[in-house]
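These notes are about the structure you will find just below.
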There are 2 protein chains.
Amino acid sequence: MKRTIFLYGLSLAALIVALKLLEFRFMVHSLSLEIYLSTIAVLFTAFGVWAGLKLTRPKTVLVPQTTYQFDTKRLETLGISKREYEVLELMAKGLSNQEIADTLFVSLNTIKTHSSNLFLKLDSKRRTQAIQRAKEIGLLP
Amino acid sequence: MKRTIFLYGLSLAALIVALKLLEFRFMVHSLSLEIYLSTIAVLFTAFGVWAGLKLTRPKTVLVPQTTYQFDTKRLETLGISKREYEVLELMAKGLSNQEIADTLFVSLNTIKTHSSNLFLKLDSKRRTQAIQRAKEIGLLP
DNA sequence: GCGCGCATCACCCGAAAGTATGATTTAGCG
DNA sequence: CGCTAAATCATACTTTCGGGTGATGCGCGC
């Protein structure tokens, strides 16, 4: 910070010196005051922009990472069917097999079959493990 | 954007006019060129800073949602002990009670007791439900 | 010291979850 | 039209979970 202020003053001084030199060399009295002012204004505006961006914390907007999206490809590579995925979703919500069966209007045995297939395809032995794996590979949010 | 450029030009013109007026009014010839330059430099630097901050887009950064942090308060309000929380963590990893018992070098029955207490405190009936709840209230990432 | 919370463990029992196997129906596809 | 994959359900069996109860030891604070 101190260094920046120092550099600022230094460049200001340098600019003035440069202009003074110009003044003597090329009879700059012929140049109008407006030209001077404009030049300096533009230069220091540019400097201001640069300094402002450099010195202030970058504005960052935190976006809640909604990376997840339904990826049919991944399901296909694992051979997981639509119905099995539905079961997986409800499992992840913490529902029991019976509750899942009631939700999907099928029998408990059907859910057991689906879940067994899921465990095979997700290489897991328990529902909690299956859920964890599914989240790891992005099947579930 | 166009409006901004227009305003910029306008303020520049206004400044020059103001200085010209000063020149006639107070015999500003006595003022040295350095004073002019410095004044303009400072003013336009300030303008540049303002313009730079105003015009740049805030960066949108995808934050990997590290909202989670170990919150002892929440654990206390629910009355969940350290050991119970350890069990909860391993549960969420998909481990069985037996595996958790082996990991923590205690007996299966101990884990059962801990998990039962957890279900009470998390108001759940199954481990999957407990995990889901724990994630909802920020106990687990 | 006494009570309390925590951690530990045990036993029993019923419910839920998971395994294995087989059967039926249906929709899609070559 | 026949084949196949998906979805459905069943029956039987094993394992895991979860509830209930009770017990022991340890550290901490009143």
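What you see is a predicted model; the values in this text were computed from it and never measured.
Contacts classified as salt bridge (Lys or Arg N to Asp or Glu O under 4.0 Å) and involving residues 127-141 of chain A (residues at least two apart or in different chains) are given here: Asp123(A)-Arg133(A). For residues 99-111 of chain B, every residue pair satisfying the salt bridge (Lys or Arg N to Asp or Glu O under 4.0 Å) rule, not counting sequence neighbours, is listed here: Arg126(A)-Glu99(B).
Of the residues in residues 90-101 of chain B, Ser96(B), Asn97(B) come within less than 4.0 Å of DNA chain D through at least one heavy atom, sorted by number. Only Asn109(A), Thr110(A), Thr113(A), His114(A), listed by number, bring a heavy atom of residues 108-117 of chain A to less than 4.0 angstrom from any atom of DNA chain D.
Thr110(B) pairs by the side chain to side chain donor-acceptor pair (under 3.5 Å) definition with Ser107(B), not counting sequence neighbours. By the side chain to side chain contact (heavy atoms under 4.5 Å, CB included) test, Ser116(B) pairs with no residue at all, sequence neighbours left out. Partners of Ala130(B) by side chain to side chain contact (heavy atoms under 4.5 Å, CB included), not counting sequence neighbours, listed by chain and number: Phe119(B), Leu122(B), Ser124(B). In this structure Lys112(A) satisfies the salt bridge (Lys or Arg N to Asp or Glu O under 4.0 Å) test with no other residue, sequence neighbours excluded.
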Restricting to nitrogen or oxygen on both sides, can you table the protein-nucleotides 23-28 of chain C pairs closer than 3.5 Å?
none

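In this structure, Arg83(B) and Arg127(A) both approach DNA chain C, and ranking their closest nucleotides by distance from the 5' end singles out Arg83(B).
In this structure, CZ of Arg126(A) is placed 16 Å from C1' of dG18(D), rounded to the nearest angstrom. Distance Leu120(B) CG to dG18(D) C1': 11 Å, rounded to the nearest Å. The separation between Phe119(B) atom CZ and dG20(D) atom P is 13 Å, rounded to whole Å. Rounded to whole Å, the distance from CG on Leu88(B) to P on dG18(D) is 12 Å. Going from atom CD of Gln129(B) over to atom C1' of dG18(D) covers 13 Å, rounded to whole Å.
Overall bending of the helix from dG1(C)-dC30(D) to dG30(C)-dC1(D), expressed as the angle between end axes built from five pairs apiece, is 40° (10° steps).
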In B/S/- notation (B base, S sugar-phosphate only, - none; protein heavy atoms under 4.0 Å), nucleotides 25-30 of chain D written 5' to 3' is ------
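The phosphate of dA5(D) (OP1 or OP2) has no side-chain N or O of Ser81(A) nearer than 4.0 angstrom.
A 4.5 Å side-chain heavy-atom check between Arg83(A) and Val106(A) finds at least one atom pair inside the cut-off.
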